[in-house]
Protein chains: 2
Amino acid sequence: MKHVTIKEVAKKLNVSVSSVSKAFNDRNDIKKETKELILKVGKEMGYHPNPIAKKLSQQKTFNIGVIVPEFVNAFFPEVIIGIQDVFLKRDYQVLIMQSNESYETELKNVQTLEGNMVDGLIVSLSRETHNLEYFKSLINQGYPIVFFNRYNEDLHASKVIFDDFKWMFFATEHLIKQGFEKIFHLSAYQHLLLAKNRIRGYKKAMSKYKIEIEPDWIVETGLFLEEGDAAMQKLIDENNIPEGITCGNDMVAIGAMRTIKRNGLHIPEDIAVTGFTETPLVELVDPPLTSVIQPTHDMGETAAKLLLKQIENDSPIPETVILNGILNVRASSMKKE
Amino acid sequence: MKHVTIKEVAKKLNVSVSSVSKAFNDRNDIKKETKELILKVGKEMGYHPNPIAKKLSQQKTFNIGVIVPEFVNAFFPEVIIGIQDVFLKRDYQVLIMQSNESYETELKNVQTLEGNMVDGLIVSLSRETHNLEYFKSLINQGYPIVFFNRYNEDLHASKVIFDDFKWMFFATEHLIKQGFEKIFHLSAYQHLLLAKNRIRGYKKAMSKYKIEIEPDWIVETGLFLEEGDAAMQKLIDENNIPEGITCGNDMVAIGAMRTIKRNGLHIPEDIAVTGFTETPLVELVDPPLTSVIQPTHDMGETAAKLLLKQIENDSPIPETVILNGILNVRASSMKKE
DNA sequence: CTGTTAGCGCCTTCAA
DNA sequence: TTGAAGGCGCTAACAG
C-alpha cells in the first residue's frame, strides 16, 4: 500500500512541494501553466493528497460522524439517508457507527470518530447510556454535535425530536373517540425519555376523558415482535383483557395482534390496536395497523442542517426542533358499525 | 476543540515527549514509576493520543471500513452486525458508509475510507458499479479487501457469497414437486451476478423437469414492494397468469401476493409464491411466505475473518467462501390436499 | 509566482 | 532509562 507523495511529484517536476500543494488545492498564487502541468503529471503518477496528513495540518476534515443504537429497524436507516442527502450535496462524507445499544461501544464510537477528527457528530443515544460526561465535555469545548430521537435533557446541545407526547395523546384519544375505554398502553423501554413522553400522552388523553387508569394498564415491553406477543399473552392469561391498546412501536403492536388472533379474538372488535413510528409493515398485516408516521427522512435532514450551521457559523446557541407526525387511521382501530 | 497534546504533558512533568509516548504505548524501555506517573498525570490532564497523528507516523489504524449499497432492507444491517461482532472483540472499530446504489458515491466512500487509512475494506458493490479500476488498483497494491454478496468476477479478491444458483434451484424445484408447472420467475436487477445466478437456478430446475420456459416467464423487477405489485398486476392484466412464481426477494414476493389477493385470486391454490433472502416479514403475511434463509450474520462474520486474515498475515491468496441457506417451506407454496 | 521552512502530534531510532 | 532529533505527508506563512 505505497502511496505517491507530494514530494515525489515535486521531485519529478523539479518544483517545490508547496507548488504541488498549491496546484492540488486549486489556489491562485501559482501560474496557470505550472498548475496544469503539475495536475497532469501528478494524476498520471497516481497522486492523491493524503487526507490524514491534510487533517493533521488543517483543522477540517469534511467528514461527519453519525452514531445510532442499531439499524435493523428501518427507523435509523431512514434518518441516516436524510442526513446523507444534505451532507453529500456539500461534499461532506458521512461515517456511520453502531453502538449496539451499549454505552461502552457508544463511547468508543464517539472517541474514534472524534479522533478521526470528524467536523461534527450526530447521535442518538444508546438505551444504556447513563453517563453523559464525555458528551458534556465535548459540548463544553464547543464541539459541534446534535442529538436526535434519543437524547437527554441534561445535554445542552441542539436536538431534533419528535413530539411523542402529543402524538401518543392523539393515538389514545382516537381510540377513546371510537368508543373504547379500557385502553392499555404497551410501552417500550420506559426509562427512555421518549417512552416517558408517550406514557404522559397516553395518561393525558385518558384523564381528559375522565377514564381512570389502573396501574397494570401500562405494560413495559421491549422493541420487538416477540415482546409484543409475550405482553399480550400475559394479559389474556390473566384474563385482564383490554378493549384497546396503544403501543409504543409497530413491532410490538404487530406481535400483540398476532397473539390476539391466535387466541381467537378479533381486531378491532374485541381489541383495537394502534402502533407508533409507522413502518411499511402496517399495510401488510391483517387488519392494517393504525400508526403514527414519524418524519424520519426529515428528522435526518433537520439534524444535518443544524449540525452544518454549527460547523460553519459556529453558532453556539443550541436549538431544539420538534417535528410533527401524522396519525394514520386504519382498520385495526376503527369500530365497525 | 482544543486537545491536550503530548507536548503539554511532557512539559508539565518535565520529561521528554518520547517518555510520554512510551508510557502511553505501554512499552518497557521506561522505568515503571515514571510510566505510572506519566499515565496518571496525563489522564488527569485529559490527554488522549491523537489518532490522526498516530496514523500518520504508524501504518496501522485499527479501523476497518464497510461499504454497502443501502441498509433499509434488513439484509445489510444484519451482515454488518456479524462483521462488528468479530472486529469489536479484537478492538477494531468499524466505520460504515452507504453508497446509495451509486457508483460515484461508492468511489468516494472507498477513497475517504482508504484516505482515513482504514486497515482494510469490506464491500458489497453498488447496483451501478461498472468501473472496477479503482478496486483493481487497490487490490494490486495488496490493500486488504473482501467483497460479499455483490461482487464481480473480474475482481481477484476474497469474497463470501451465497449459492444463489443452488437455492433458487431448490425453490423452483420445490414448486415443481408441489405439482405446479407454469412457473414464472420475478428477478430483481437482472444485470447483477447474483440475479443471473438465480435465473440460472430457476432455468436449471425447469429443464430438469422438462418444463419449457416461455421468454416472458422471466420478469424483471426491482427490489421493492411496489415493483412486485406492478409486475404481478401486469401479468394479470395480460391474462398471462402463472401457477407459481419464484421471486428474487421477499419484498417483491409480498408485493405480488398483495396484488394476487386484491385481484381475488388465492395463494397458493391459484398462484403459489416463494420469496428469497428471508426477512421477518414472511411470518407476518397471509399466508406465510416460503423463502430461502440467507445466513446474513454468518456472512458478515466470515467476511470479517477473511479480512482479518489478510490484515494480520497479509496472505495474498484470495479465498472464496460459498455459504449455504435453508429453504423454509410455508403455506404460500404448499398445494393443499 | 516560486520555494524555503516551520509546524500539525506522534512514534521511533539512536546516543547519551 | 532517558531524551534529542528526524520523519510521517501536507499546508501555510514568509521571503525572494
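Reminder, nothing fancy here: chain letters follow the sequence lines and each chain counts from 1. Computed from a predicted model, the values in this text were never measured in an experiment. Worth knowing before you read on, the calculation uses all heavy atoms, side chains too, and leaves out hydrogens, waters and symmetry mates.
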Straight-line distance of [X] [atom1] to [Y] [atom2], nearest 0.5 Å:
X: A:Leu132; Y: A:Ile139; atom1: CG; atom2: CD1; result: 8.5 Å
X: A:His156; Y: A:Ile317; atom1: NE2; atom2: CD1; result: 10.0 Å
X: B:Lys108; Y: A:Leu88; atom1: NZ; atom2: CG; result: 7.0 Å

In whole angstroms, how far is the [atom2] atom of [N] from the [atom1] atom of [X]?
X: B:Ile30; N: C:dA16; atom1: CD1; atom2: P; value: 21 Å
X: B:Leu37; N: D:dT1; atom1: CG; atom2: C1'; value: 15 Å
X: A:Leu56; N: D:dT11; atom1: CG; atom2: C1'; value: 10 Å
X: B:Lys11; N: C:dC10; atom1: NZ; atom2: P; value: 14 Å
X: B:Lys31; N: D:dG3; atom1: NZ; atom2: P; value: 10 Å
X: B:Glu33; N: D:dT1; atom1: CD; atom2: C1'; value: 11 Å
X: B:Lys32; N: D:dT2; atom1: NZ; atom2: C1'; value: 19 Å
X: A:Asp26; N: D:dT11; atom1: CG; atom2: P; value: 13 Å

Q | A:Ser19 and A:Ser16: side chain donor to acceptor below 3.5 Å | A |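 Yes.
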Q) Can B:Glu101 and B:Tyr189 be counted as having a side-chain donor-acceptor contact under 3.5 angstrom? A)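 Per modelled atom types, B:Glu101 and B:Tyr189 side chains form no pair under 3.5 Å.
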Respond yes when some side-chain nitrogen or oxygen of [X] is under 4.0 Å from OP1 or OP2 of [N], and no when none is.
X: A:Lys54; N: D:dT11; result: yes
X: A:Ser19; N: C:dG3; result: yes
X: B:Ser21; N: C:dC11; result: yes
X: A:Lys22; N: C:dC1; result: no
X: A:Arg27; N: C:dC1; result: no
X: B:Asn50; N: C:dC8; result: no
X: A:Lys35; N: C:dC1; result: no
X: B:Ser16; N: D:dG3; result: yes

Q. For the side chain of A:Asn25, counting heavy atoms from C-beta on, which of D:dG3, C:dT2, D:dT11 is nearest?
A.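 Taking heavy atoms from C-beta onward, the closest nucleotide is D:dT11.
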**Q.** Among D:dC10, D:dG3, C:dC11, the one nearest B:Ser57 by side-chain distance
**A.**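 It is C:dC11.
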Kindly say whether, by distance alone, the side chain of [X] makes a donor-acceptor pair under 3.5 Å with the base of [N]?
X: A:Lys55; N: C:dG9; answer: no
X: A:Ser18; N: C:dT4; answer: yes
X: B:Thr5; N: C:dG9; answer: no

Using a heavy-atom cut-off of under 4.0 Å over every strand shown, decide if [X] touches base, sugar-phosphate, or nothing.
X: A:Tyr47; result: sugar-phosphate
X: B:Lys7; result: sugar-phosphate
X: B:Val20; result: nothing

Q.
Can you tell me how the ring of A:His130 sits relative to the ring of A:Tyr103, calling it parallel under 30°, perpendicular over 60° and tilted otherwise?
A.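 Answer is tilted, since the angle falls between 30° and 60°.
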